[in-house]
Amino acid sequence: MPRTRRYEHDIKTNEFYHSSDWQSVRQLALTRDHYLCQVCKRKGIIKQGNTVHHIVPIKDDWNKRLDLGNLETICMACHNKEHFEKGYSKSKKKIRKNKNIVVFKRNPEL
């Protein structure tokens, strides 16, 4: 995606995630899933989740952004695995010594 289009998409996406429409449908998904990570649950693990994940990313299909059937509650660990391209995977994690600060770096190859 060209830089200007990506920038416009990022603004549009950011505005969406701060909208009352998103907050409402997000709460519906959390309640429906009983605040349990659906990825872990499919593996037989019961774990609390507080992130609502788009199964089909909104960058791929903007029309599904508020579709409750396209949303699932997941835990932070599963969300980080789903979005490795953002640099949240364990392989990208670096702990700075003496400060206990975790830094996530973006993969320059993506």
Side-chain angles (χ1 to χ4, degrees):
M1 186 180 307
R3 187 176 180 105
T4 55
R5 276 192 56 200
R6 180 177 178 158
Y7 178 72
E8 290 168 7
H9 173 76
D10 289 344
I11 290 172
K12 185 177 176 182
T13 301
N14 189 44
E15 288 174 355
F16 164 70
Y17 280 121
H18 288 89
S19 71
S20 59
D21 288 341
W22 168 246
Q23 295 304 317
S24 296
V25 76
R26 178 183 182 278
Q27 190 59 53
L28 287 172
L30 290 167
T31 303
R32 177 200 61 199
D33 296 339
H34 304 286
Y35 287 81
L36 296 176
C37 176
Q38 300 303 294
V39 175
C40 290
K41 189 176 174 186
R42 287 191 288 271
K43 297 176 187 175
I45 301 166
I46 303 299
K47 188 172 178 184
Q48 183 180 2
N50 59 8
T51 300
V52 176
H53 173 69
H54 286 91
I55 299 165
V56 175
I58 60 175
K59 67 178 178 151
D60 294 342
D61 190 346
W62 181 255
N63 294 325
K64 290 188 176 188
R65 70 191 180 282
L66 295 172
D67 179 357
L68 194 56
N70 186 44
L71 302 174
E72 66 181 348
T73 302
I74 63 176
C75 65
M76 188 59 70
C78 289
H79 193 251
N80 290 345
K81 288 177 189 173
E82 289 287 332
H83 291 289
F84 65 89
E85 76 280 0
K86 293 181 181 177
Y88 297 128
S89 66
K90 287 182 181 178
S91 64
K92 304 289 179 257
K93 190 164 86 170
K94 175 184 172 184
I95 299 178
R96 291 185 185 169
K97 295 181 180 185
N98 301 329
K99 293 187 180 181
N100 293 329
I101 297 172
V102 178
V103 178
F104 297 98
K105 294 197 174 193
R106 186 177 182 99
N107 184 346
E109 297 172 0
L110 296 179

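Just so you know, these numbers come straight off a predicted model, no measurement behind them. If you read the sequence from its start, that first residue is 1, and numbering goes on from there.
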Report the distance from atom [atom1] of [X] to atom [atom2] of [Y], rounding to the nearest 0.5 Å.
{"X": "C78", "Y": "I45", "atom1": "SG", "atom2": "CD1", "answer": "8.0 Å"}
{"X": "W22", "Y": "I58", "atom1": "CH2", "atom2": "CD1", "answer": "8.0 Å"}
{"X": "R26", "Y": "N50", "atom1": "CZ", "atom2": "CG", "answer": "7.0 Å"}
{"X": "D33", "Y": "Q48", "atom1": "CG", "atom2": "CD", "answer": "12.5 Å"}
{"X": "L36", "Y": "K41", "atom1": "CG", "atom2": "NZ", "answer": "6.0 Å"}
{"X": "H54", "Y": "D61", "atom1": "NE2", "atom2": "CG", "answer": "10.0 Å"}

Which heavy-atom pair separates [X] from [Y] by the least distance, and what is that distance?
{"X": "I55", "Y": "P57", "value": "O-CD, 3.5 Å"}
{"X": "R32", "Y": "L68", "value": "NH1-O, 2.9 Å"}
{"X": "A77", "Y": "K47", "value": "CB-NZ, 3.9 Å"}

same_hphob_cluster(L28, I74) at 4.5 Å side-chain heavy-atom cutoff: no
Mind checking whether W62 and V56 sit in one hydrophobic cluster, side chains of I, L, V, M, F, W, Y counted as touching below 4.5 Å? no
Is any side-chain heavy atom of [X] less than 4.5 Å from a side-chain heavy atom of [Y]?
{"X": "N80", "Y": "E82", "result": "no"}
{"X": "F16", "Y": "D21", "result": "no"}
{"X": "H53", "Y": "L71", "result": "no"}

Salt bridge check, R42 against E72: does any charged N sit closer than 4.0 Å to a carboxylate O? yes
Tell me, please, which residues at least two apart from Q27 pass side-chain contact (heavy atoms from CB on, under 4.5 Å). L30, T31, Y35
